[in-house]
Protein chains: 2
Amino acid sequence: MADVAREAGVSVMTVSNVVNERLPVNEPTRARVMAAVEALGYEVNLTARHLRAGRTDTVAFIVPSFHDYFGEVSDKIAPLIEAEGRHLVLERTSGSPEHEMAALSVARLQLYDGVLLSVVGLDRDQLDRVRTAKPIVLLGERDVPDRFNHVRLANEEGARLATAHMIEHGSRRIVGLGCTFDTAHMMTSDRRIGWERAHRDAGLDVDARYVVPISTFTSAAGRDALLDVIASGLPFDGVFAVTDVVALGAVAALAESGLRVPTDVQLAGFDNLDMSSFIPPGLTSVDANHEGVAETAVGLLHRQMAGWTGPAEHVVAPVRLVVRGSTRGGA
Amino acid sequence: MADVAREAGVSVMTVSNVVNERLPVNEPTRARVMAAVEALGYEVNLTARHLRAGRTDTVAFIVPSFHDYFGEVSDKIAPLIEAEGRHLVLERTSGSPEHEMAALSVARLQLYDGVLLSVVGLDRDQLDRVRTAKPIVLLGERDVPDRFNHVRLANEEGARLATAHMIEHGSRRIVGLGCTFDTAHMMTSDRRIGWERAHRDAGLDVDARYVVPISTFTSAAGRDALLDVIASGLPFDGVFAVTDVVALGAVAALAESGLRVPTDVQLAGFDNLDMSSFIPPGLTSVDANHEGVAETAVGLLHRQMAGWTGPAEHVVAPVRLVVRGSTRGGA
DNA sequence: CTGTTAGCGCCTTCAG
DNA sequence: CTGAAGGCGCTAACAG
């Protein structure tokens with residue numbers, strides 16, 4: 001900018017005023033400055049501006065991975081952030097507590113005006129150690145301290161809906177694929193509770209053998225786990241998969257084993273990903289309402305960035321069951 | 001940092017030296033500084049450091065959307081960047097030329113030590129207007145100026161492989177779903193050429209009616225377009241879909257219409273997404289080798305960031321056909 | 001080993 | 001309308 005000022009024979013402040021159209025500048029001066037800007041290919045240094053301003057006009061969405069669910073949610077969040085004139089950037093934690101903690105360090109938070117964090121690895125105690133006034137909204141199914149804004153899904157209710165729907169349509173032995181009880185993953189625990197409650201509500205026994213653990217939340221792990229169940233001879237006539245990605249693995253396992261969906265086995269998932277309506281015969285799934293979650297979370301973040309200092313909110317986003325051909329109530 | 005210095009009764013330089021473990025500091029002094037750091041909860045201001053250092057230790061991967069293909073590639077790129085001690089952030093352009101151009105502005109580039117950009121909207125002339133010494137690697141199927149490092153896929157060859165494979169196994173009328181000839185999307189044009197070449201190589205006519213346009217590269221658009229073909233009565237016994245996401249739409253359309261895969265219609269896609277192996281009966285797909293593309297692109301970027309000034313490279317990443325149950329050569 | 005000086009590039013404030 | 005001064009927070013270079 002100093003170079004431009006010299007080239008145009010004015011002070012840096014005049015250059016700044018021209019470039020940012022802040023204060024009015026005489027036309028001839030303005031023209032000289034613009035000419036110098038063009039000649040030198042000058043553009044503002046954002047790092048310097050950020051330092052000076054104490055703001056970056058940037059919001060970070062910090063996710064475990066860029067895949068599937070988070071990719072879909074990110075695409076909903078981006079326009080909402082941009083509508084307020086800020087940029088959105090994504091960062092990745094691999095779901096590890098260390099990475100998540102690092103992302104919440106004072107140092108990293110300073111790079112952003114606000115942060116949306118999908119918590120997967122951190123527990124309540126670790127989160128309680130985070131001290132910062134930076135606007136933050138936590139997403140995800142972990143338990144979090146009261147002072148953080150938090151948006152989560154109605155996991156238990158969703159799992160209950162899906163399971164009850166299959167029971168209603170005749171299933172009596174429903175595998176809870178990946179619905180393990182696990183303090184590290186409240187998501188699976190909550191969904192398991194919903195699976196259980198649907199059984200109890202219907203007066204059915206809860207048989208722990210039908211809760212099948214999976215090694216990771218991938219289609220491959222879902223497929224392998226269900227193939228093991230089939231090989232074991234445990235009879236079943238329904239599968240509630242903890243996510244749609246896992247359900248896709250179940251689809252593969254059932255097809256390979258010659259089991260028909262929904263005739264022999266009903267199947268339901270959770271997340272209602274874009275792909276789920278296209279997988280024949282259409283995957284019945286709990287809709288996590290990405291759009292609504294994105295709006296709620298961004299709304300809370302904007303409120304904080306605008307200076308709101310009231311108590312944090314803890315929103316449980318409602319879910320609904322989308323019935324498709326993989327269950328017998330479907331089309 | 002000044003606060004810490006005052007609290008500890010030392011100069012800011014000493015604080016800096018302690019915090020960054022740069023120069024050795026006497027143990028008692030060090031302890032006093034650390035105590036002050038803890039007491040005040042001090043952490044370095046990265047924006048200031050970046051300004052001072054002229055580096056940000058951050059690389060941006062700028063993508064059209066966070067979905068599907070780009071999400072999968074991003075997850076491959078992240079560890080490679082982190083292995084060199086830098087952070088990766090993702091930004092989104094929606095595929096619009098304006099956003100892509102803005103991302104390449106001098107101002108935005110200054111925020112990063114290097115940039116990987118998936119070009120979708122910009123043409124060669126627009127890219128030629130970008131003047132910067134910042135390390136950049138372009139990804140994607142557009143034509144780009146020679147001076148940029150560029151990694152693209154062997155689109156034509158991949159499409160040819162997939163189409164030839166279906167011809168070899170008996171298909172004679174293969175729909176090129178989304179393989180329109182379109183200057184705005186070199187990807188589809190190149191894949192169409194491959195589709196054509198497979199026909200010619202086999203001595204078959206190229207019938208333009210079998211090139212079916214789609215409105216967007218989504219499953220919904222793929223499904224709708226193929227349903228229209230079916231409704232039109234145009235006979236076909238194979239589908240080459242321009243991407244796996246589109247192929248998934250074709251899967252749905254075929255299933256709804258009672259057409260069996262691969263008995264009545266063979267089907268192949270492009271990208272070999274994670275989901276593709278799980279969609280019954282397994283989607284035959286051209287493997288875009290995400291991992292290899294990620295390694296190549298990041299390798300070129302690292303070379304530039306390390307100061308290499310030799311001529312830019314234009315890499316065409318090889319592809320291979322992964323045969324699964326949706327074609328008759330499959331398992 | 002520790003402190004002082006200076007400047008990265010910008011913009012708010014105040015003076016002319 | 002234009003310019004000069006000062007500081008955002010940090011660290012390289014040099015001095016003590």
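Any value given below was found using the heavy atoms of this structure, including those in side chains, with hydrogens, waters and symmetry copies removed. By convention in this document, chain letters (A, B, ...) are assigned in the order of the sequence lines, proteins followed by strands, and residues within each chain are numbered from 1.
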Worksheet, complete the sentence: Among dA4(D), dC10(C), dT4(C), the one nearest any side-chain atom of Ser11(B) is dT4(C)
Fill in: Worked check of side-chain contact (heavy atoms from CB on, under 4.5 Å) between Glu313(B) and Arg303(B)
CA-CA 11 Å; Glu313(B) 273 189 50; Arg303(B) 196 175 70 171; 2.9 Å; yes
Item to complete: Identify whether any heavy atom of Asn17(A) sits under 4.0 Å from a base atom; if not, whether one sits that close to sugar-phosphate; answer base, sugar-phosphate or nothing.
Response: nothing
Worksheet, complete the sentence: From the candidates dC10(C), dC1(C), dC10(D), the one with an atom nearest any side-chain atom of Asn45(B) is dC10(D)
Worksheet item: Between dG3(D), dT2(D), dC11(C), which one does the side chain of Thr29(A) approach most closely?
Response: dT2(D)
Worksheet item: For the pair made of CG in Leu40(A) and P in dG9(C), what is the distance, rounded to whole Å?
Response: 14 Å
Discussion item. Rounded to the nearest 0.5 Å, what separates atom CG in Asp68(A) from atom CG in Leu273(A)?
Written reply: 6.0 Å
Worksheet item: So how far is it from Arg152(B) CZ to Asp190(B) CG, rounded to the nearest 0.5 Å?
Response: 5.0 Å
Fill in: Leu23(A) CG - dG16(C) P separation (whole Å)
18 Å
Discussion item. Here's a test of your reading of the structure: between Arg52(B) and Thr14(B), which maps to the more 5' nucleotide of DNA chain C?
Written reply: Thr14(B)
Item to complete: Nearest-nucleotide wise, let me know which of Glu43(A) and Met13(B) is further upstream toward the 5' end of DNA chain C.
Response: Met13(B)
Worksheet item: Which nucleotide in the list dT11(D), dC10(C), dG9(D) gets nearest to the side chain of Ser16(B)?
Response: dT11(D)
Fill in: Side chain of Leu51(A) - closest among dG9(D), dT2(C), dC10(C)
dG9(D)
Practice prompt. Send over the distance from Arg49(A) CZ to dC8(D) C1', rounded to a whole Å.
Written response: 15 Å
Discussion item. Could you measure the distance from the CG atom of Leu116(A) to the CG atom of Leu90(A)? Nearest 0.5 Å is fine.
Written reply: 9.5 Å
